[in-house]
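To find a chain, count down the sequence lines: A is the first, B the second, and so on, and within it residues start at 1. No hydrogens, no waters, no symmetry mates; every other heavy atom, side chains included, goes into these values. Predicted model only: the values in this text are computed from it and were never measured.
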Protein chains: 2
Amino acid sequence: MTLTDLRYLVALARERHFGHAAERCNVSQPTLSVAIKKLEDELAVTLFERSAADVKITDIGARIVAQAEKVLLEAGQIKELATAGRDPLSGPLKLGVIYTIGPYLLPHLIPRVHGAAPSMPLLIQENYTARLAESLKRGDLDVIVVALPFEEPGIVTQAVYDEPFRVLMPAGHAWEADAAIPAARLAEAPLLLLGAGNCFRDQVLEVCPLCRGGEGLQRTLEGSSLETIRHMVATGAGITVLPSSAADPLPEGNPLLTVRPFEAPEPFRRIALAWRVTYPRSGAIDVIRAAILGSPLQGVRPVTR
Amino acid sequence: MTLTDLRYLVALARERHFGHAAERCNVSQPTLSVAIKKLEDELAVTLFERSAADVKITDIGARIVAQAEKVLLEAGQIKELATAGRDPLSGPLKLGVIYTIGPYLLPHLIPRVHGAAPSMPLLIQENYTARLAESLKRGDLDVIVVALPFEEPGIVTQAVYDEPFRVLMPAGHAWEADAAIPAARLAEAPLLLLGAGNCFRDQVLEVCPLCRGGEGLQRTLEGSSLETIRHMVATGAGITVLPSSAADPLPEGNPLLTVRPFEAPEPFRRIALAWRVTYPRSGAIDVIRAAILGSPLQGVRPVTR
DNA sequence: GGTTGGCAATAGTGATTAACTATACAACGT
DNA sequence: ACGTTGTATAGTTAATCACTATTGCCAACC
């Protein structure tokens, strides 16, 4: 029993004439005859009474035809679904973002994606890189925004932008006089850091060779989010390092804080998109990338590769 | 897209492993691989993300699988219907009976059919032979009970029983003294006949050669049914001829009527079943025939052929 | 009563498809 | 680097599907 057979069946039920039904199905009369006979043999029931005068459908035949029509209808829905789902910009996209990007990127990203792909709602999760990677590999996420380096088997990455680091200090801090801060000087001050697990924490520690030793860390305090740390800095608890997208937008609005760039070579992080090599909706990823690059993130430099 | 393809599709969706899914479908892994790929090409969507680690279903793939399951379910219903309908004794049987048999046969027939084929309800129509023949050919009826001769293209008949004719007269009638009535004598009395269209009317007229001429009919009156005529006879309006099944059951219960057989050769009518040659439920017809023969119809002789 | 005409069934053939086995290829993990 | 696991591809065979041509069957018609 094939879908073609069922199509022949309903055509014959409608036309009550093998020749006409065959014509309507664009096949020859014997083709349809044989197919119907095959169906009858397979089901072991007589579906039609053939006589010279006309073709009559049997009682059981009528019921089976009705069911066949239902099958064909449902099968047609498959094509409909496929057509509707063919557009990579249709259907929800599960997006993961690390904690140190989400709050600054998403407010810009979401309306842009919605504008570019109105029928692609975003399902967003913020988490640590490691957790995002897990979800991505499991298929719980489709695309993630993370900082490089990021290497996972089966996962491809595409750098999107570079983002310089900034030094954030309380207003009136001694370093306020300097236009740019040398990275090594971070070791001198109580440095507020994110908790373990945040990749940005490690990146900051990379910046200052002196901080890297175990003793250096004795001078640091830990906060749970960049926002928390910013508040702590404002109260004079210490200084910190922020990515420019988190640091630059605020000094105007906050008299308690001062932001300074690093001296060259400016430390920075490279932000990338990552997805499974097998992920088929590359068009959706393009939209995300374009939306990120279109977002007004302070101080970032697009990576044109 | 075939039903087989859809079976492969749902198997893969369940197993998430080409090899296992293929095994479950009793085909080789390449067979299933190719089928899925063919489906994806045909629908122009990616249904699964293949990677070394595992097989992930895409968003659209999941929706299509759900729909495929629905299709397969409905298709399975077709087989169910066929199995249920395979029994010729299941499903209603449309039975036609001529007016001069119905009232005497049906009360016996119906419980017997119901006993032999409980899931075969009878849809019964009483009518003239000509009308029954029309309905039978159109397919509005499946089987009819008629008197022979009955010849129609595409229709086969099977004699079931012979039924002798009886003379019905008012109690105290002059012929009451005779044990049997010669057919020719019918011309002497006012003969009550059914209206035109009833085959039994014509059969009665055949019995008596003298009645056949135009003049003979002047002695007749017409009634609308055998029961009506019987009442008319009881009032002394004339005599009539009845089939034995209509005549024999009653004399005990009705002191106003007398029944006498004909002299040999006893006139009789041959009752038969008729159906379209193409009608597939021969088992149902056998049941009807058996039920008729099992009915206690007075005076009838089964036709064993 | 033979004949004709319409229609479905069958025969026979070719093309397509679906299945197999064997093997290549890709990606991880040791 | 190599082995393992798992999917894709190649190549072949068998089955199926669809075609044309023809037969067979009724019923209708002359």
[X] side chain N/O closer than 4.0 Å to the phosphate oxygens (OP1, OP2) of [N]?
| X | N | value |
| --- | --- | --- |
| B/H17 | D/dT5 | no |
| B/T31 | C/dC20 | yes |
| A/S28 | D/dC19 | yes |

How many whole angstroms separate atom [atom1] of [X] from atom [atom2] of [N]?
| X | N | atom1 | atom2 | answer |
| --- | --- | --- | --- | --- |
| B/R50 | C/dC25 | CZ | P | 19 Å |
| A/L32 | D/dA18 | CG | P | 10 Å |
| A/F48 | C/dA9 | CZ | P | 11 Å |
| B/E151 | D/dA27 | CD | C1' | 14 Å |
| B/K56 | D/dT7 | NZ | C1' | 14 Å |
| A/H20 | C/dC7 | NE2 | P | 6 Å |
| B/E49 | D/dA8 | CD | P | 13 Å |
| B/E23 | D/dG6 | CD | P | 12 Å |

Please tell me which of A/T2 and B/I155 maps to the more 5' nucleotide of DNA chain D, matching each residue to the nucleotide holding its nearest heavy atom.
-> A/T2
Nearest-nucleotide comparison on DNA chain D, the residue closer to the 5′ end among A/V27 and B/L12 = B/L12
Just jot down the ring pair (Phe, Tyr, Trp, His ring centres under 6.0 Å) partners of A/F200, sequence neighbours excluded, or say none.
-> A/F165
On DNA chain C, more 5' by nearest nucleotide between A/P153 and B/P30 is B/P30
Which residue, A/V277 or B/V34, contacts DNA chain C at a nucleotide closer to its 5' end, judged by nearest heavy atom?
-> B/V34
Mind checking if [X] touches a base, just sugar-phosphate, or nothing, with heavy atoms under 4.0 Å?
| X | answer |
| --- | --- |
| A/D54 | nothing |
| A/Y8 | sugar-phosphate |
| A/D5 | nothing |

Contact between [X] and [Y] at the side-chain level, heavy atoms closer than 4.5 Å - yes or no?
| X | Y | value |
| --- | --- | --- |
| B/F18 | B/L12 | yes |
| A/L123 | A/L93 | no |
| A/D140 | A/K94 | no |

Where do B/I78 and A/L6 land on the side chain to side chain contact (heavy atoms under 4.5 Å, CB included) test, with the steps shown first?
-> CA-CA 10 Å; B/I78 289 183; A/L6 298 185; 3.9 Å; yes
Of residues 35-47 of chain B, the positions that come close to DNA chain D - non-hydrogen atoms, cut-off under 4.0 Å = B/K37
Taking atom types as modelled and ignoring hydrogens, do the side chains of A/R269 and A/T100 form a donor-acceptor contact shorter than 3.5 angstrom?
-> yes
Short side-chain to backbone donor-acceptor contact, B/R131 and B/T129, under 3.5 Å = no
Salt-bridged, A/E49 to B/R281, with N to O below 4.0 Å?
-> no
